[in-house]
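Quick notes on the structure that follows.
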2 protein chains.
Amino acid sequence: MSEKPRRVSRIQKKNREAILAAALQEFSARGFAGTTIDQIADVAGLSKPNVLYYFASKDAIHTELLEALLDLWLGPLRELQAAGDPADQILAYARRKLEMSRDYPQESRLFANEVLQGAPRLASILGGALRELVDEKAALIAVWMAEGRIARTDPHHLLFSIWALTQHYADFEVQVRAVLGDGHDPFAEAQGFLDQLYRRLLRPGAD
Amino acid sequence: MSEKPRRVSRIQKKNREAILAAALQEFSARGFAGTTIDQIADVAGLSKPNVLYYFASKDAIHTELLEALLDLWLGPLRELQAAGDPADQILAYARRKLEMSRDYPQESRLFANEVLQGAPRLASILGGALRELVDEKAALIAVWMAEGRIARTDPHHLLFSIWALTQHYADFEVQVRAVLGDGHDPFAEAQGFLDQLYRRLLRPGAD
DNA sequence: GAAAATATTGACCAGTTGGTCAGGATCAGG
DNA sequence: CCTGATCCTGACCAACTGGTCAATATTTTC
C-alpha cells in the first residue's frame with residue numbers, strides 16, 4: 001500500500017520510538033484530545049515540527065500506537081490451548097492478563113480510553129478478528145465444561161470477567177491504591193484473589 | 001459558602017438541567033478535553049454564551065456533574081447491611097451495581113474517564129470518604145467470613161471485583177456487544193453470570 | 001402595563017493548536 | 001572533503017476554543 005523507506009537510519013529508529021513512547025504516555029494519561037503535539041514533542045525531547053517530520057499527523061501517531069497495541073493485547077488469549085488442565089489453562093490466562101496490566105498499564109489505559117469513547121478506530125477489529133478469536137476460545141471452554149472437567153458457566157462472560165478484573169487494576173489503579181492505602185501491593189493481592197475466585201468458580205461439581 | 005440565587009425560575013431549572021444532561025452525554029462520550037462548549041450548547045439547544053450564562057465555565061459544568069455523580073455512585077454500597085443473609089447481601093449489591101451500569105452508562109463512563117486520567121478532581125474523595133466507606137463494608141464482610149457464613153477471601157478485592165465486573169458492561173459496552181454479536185442481552189446474561197460467580201466464590205465451605 | 005429582573009444573542013477577543021514551509025544544520029557515502 | 005540525502009528549526013498561518021460584553025428580548029412582578 002504505502003511506500004516505506006528502504007532503510008531506516010539509526011536516528012530515524014531512535015526518534016520514532018521516542019515519539020511513540022512519549023505519545024503512549026501522554027495519550028494514555030490525558031486522552032487523544034487532551035494531548036497536544038507539543039507535549040509529545042517535549043516528552044520525546046524533540047521540537048514539534050520535528051515530530052511532524054516523522055509522523056504525518058497527530059492522528060497517525062495514535063493509529064500506529066493502536067495497531068502495535070492490538071498484537072500485544074490479543075497475545076495472551078491466543079495462548080489458551082486445549083492441552084493441559086482446563087482450570088490451569090484459564091488461571092494461567094488470567095495471570096498473564098494481570099501481568100500485562102501490571103507491566104503495561106499505559107497500553108491498558110490507551111485501550112480503555114479508546115473503547116470507552118466508542119472505539120471508532122477499533123470497531124472493525126472488535127467485531128472481526130477479536131470476535132472470531134473469542135468465539136474459538138469460548139468453544140474450547142464449552143467443550144471442557146461439557147466434558148465435566150470444569151464447572152459450567154457462560155464461556156463468553158467468563159472471558160469478559162477476566163478482562164474486566166485484570167484490566168481494572170491498571171485502568172483504575174489510582175482508585176485501587178487510594179482505597180487500599182499504602183503498604184499494599186495491589187497486583188500481588190489481586191493475583192491471589194483471582195486464583196481463588198476462578199478456582200472456586202470452575203471447580204468441577206460447583207455447578 | 002457560595003451565594004445561590006434565592007429563587008430558581010422555571011427557565012433556569014430547565015436550562016441548567018438541559019445543559020447538564022448534554023454535558024454528561026458529551027463528556028462521557030468524548031472526554032472533557034474532547035468536548036467543546038459549542039457541542040454542549042448544540043445538544044442542549046442553546047447558544048454558547050447562553051450556556052456560559054448558566055455556568056461560569058466548562059470546568060464548572062464538569063465539576064457539578066462529578067459532584068452529582070458521586071452521590072449516585074456510592075449509593076448502592078451504603079445499602080450493604082449487616083442484616084439478612086450475607087451472600088444475598090453481596091449478590092444484591094452486585095445486582096444493584098449492574099443495574100446502575102445498565103441504567104446509567106454515561107455516568108459510569110464519565111467516572112471511568114475521570115479515574116483513568118488519574119482522577120485529579122476525585123483524589124481526595126477516593127482516599128477519603130470512599131476509602132472509609134469501603135473499609136467499613138470490608139470489615140462487615142470480614143465478620144461474615146470469620147463467622148463462617150460465607151467463604152473466606154479478601155474483602156477489599158471482593159468489592160473491587162464487583163466494581164470491575166459490573167462497570168465493565170457499561171464502560172466497554174461497545175466491545176462486549178461487538179464480541180457477542182446481535183441477539184444478545186449483555187446485561188441480562190451478565191446478571192446470571194455474576195450470580196453464579198459470587199455464589200460459588202462465597203459458598204460456605206468453598207475455602 | 002410599566003419597571004425591574006431575568007434570559008439571550010451577535011460580535012468579538014486572546015490564546016492555543018495542528019500543521020506548513022523554506023532554509024539551514026548534520027550526517028553518510030564516495 | 002565534497003555532495004546528496006537526511007534531519008531539524010524558527011517563523012508562520014488558519015482554524016478553533018473558552019470566555020467576555022454590550023445590547024436586546026423576554027418574563028416576572030407589582
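Proteins get letters first, then strands, A, B, ... in listed order; numbering begins at 1 in each.
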Check the phosphate of [N] against [X], side-chain N and O only, distance under 4.0 Å to OP1 or OP2. Yes or no?
{"X": "Gln12(A)", "N": "dC7(D)", "answer": "yes"}
{"X": "Ser47(B)", "N": "dT8(C)", "answer": "no"}
{"X": "Tyr53(B)", "N": "dC21(D)", "answer": "no"}
{"X": "Tyr54(A)", "N": "dC8(D)", "answer": "yes"}
{"X": "Asn50(A)", "N": "dT9(D)", "answer": "yes"}
{"X": "Asn15(A)", "N": "dT6(D)", "answer": "no"}
{"X": "Arg10(A)", "N": "dA28(C)", "answer": "yes"}

- Specify the residues of residues 22-31 of chain B, ordered by number, for which at least one heavy atom lies under 4.0 angstrom from an atom of DNA chain C.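 Correct list: empty, so none.
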With a 3.5 Å cut-off and sequence neighbours excluded, list the donor-acceptor pairs that the side chains of residues 112-120 of chain B form with protein atoms.
residue	atom	partner	partner atom	Å
Glu114(B)	OE2	Arg121(B)	NE	3.2

- Item | Non-neighbouring partners of Leu52(A) that pass side-chain contact (heavy atoms from CB on, under 4.5 Å), sequence neighbours left out | Ile37(A), Lys48(A)
- How are the rings of Trp163(B) and Phe160(B) set to each other: parallel, tilted or perpendicular (split at 30° and 60°)?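 The rings of Trp163(B) and Phe160(B) sit tilted, inter-plane angle from 30° to 60°.
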- Query: With sequence neighbours excluded, what pairs up with Trp144(B) under the side chain to side chain donor-acceptor pair (under 3.5 Å) test?
  - Reply: none
- Task: With sequence neighbours excluded, tell me which residues meet side chain to side chain donor-acceptor pair (under 3.5 Å) with Asp154(A).
- Result: none
- Task: Mind calculating the distance between CG (Asp42(B)) and P (dG18(D)) to the nearest angstrom?
- Result: 12 Å
- Query: For Ile11(A) and dT9(D), what is the distance between atoms CD1 and C1' respectively, to the nearest whole Å?
  - Reply: 15 Å
- Which residues share a salt bridge (charged side-chain N to carboxylate O under 4.0 Å, His left out) with Arg199(A), sequence neighbours left out: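 Asp195(A).
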- Message: Suppose we screen for salt bridge (charged side-chain N to carboxylate O under 4.0 Å, His left out). Which residues come up paired with Arg131(A), at least two apart in sequence or across chains?
- Response: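 Result, salt bridge (charged side-chain N to carboxylate O under 4.0 Å, His left out) vs Arg131(A): Asp135(A).
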- Taking atom types as modelled and ignoring hydrogens, do the side chains of Gln196(B) and Thr153(A) form a donor-acceptor contact shorter than 3.5 angstrom? yes
- Message: Under the side-chain hydrogen bond (donor to acceptor under 3.5 Å, both in side chains) definition, can you give me all pairs with a residue in residues 23-32 of chain B, not counting sequence neighbours?
- Response: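 Checked against side-chain hydrogen bond (donor to acceptor under 3.5 Å, both in side chains) - neighbours excluded - the pairs reaching residues 23-32 of chain B are Glu26(B)-Arg30(B), Arg30(B)-Gln39(B).
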Which atom pairs link the protein and nucleotides 16-21 of chain C when you take only N or O atoms and keep those under 3.5 Å?
residue	atom	partner	partner atom	Å
dG18(C)	OP1	Thr35(A)	O	3.3
dG18(C)	OP1	Lys58(A)	NZ	2.9
dG18(C)	OP2	Ile37(A)	N	3.0
dG18(C)	N7	Lys48(A)	NZ	2.8
dG19(C)	OP2	Lys58(A)	N	2.8
dG19(C)	O6	Lys48(A)	NZ	3.2

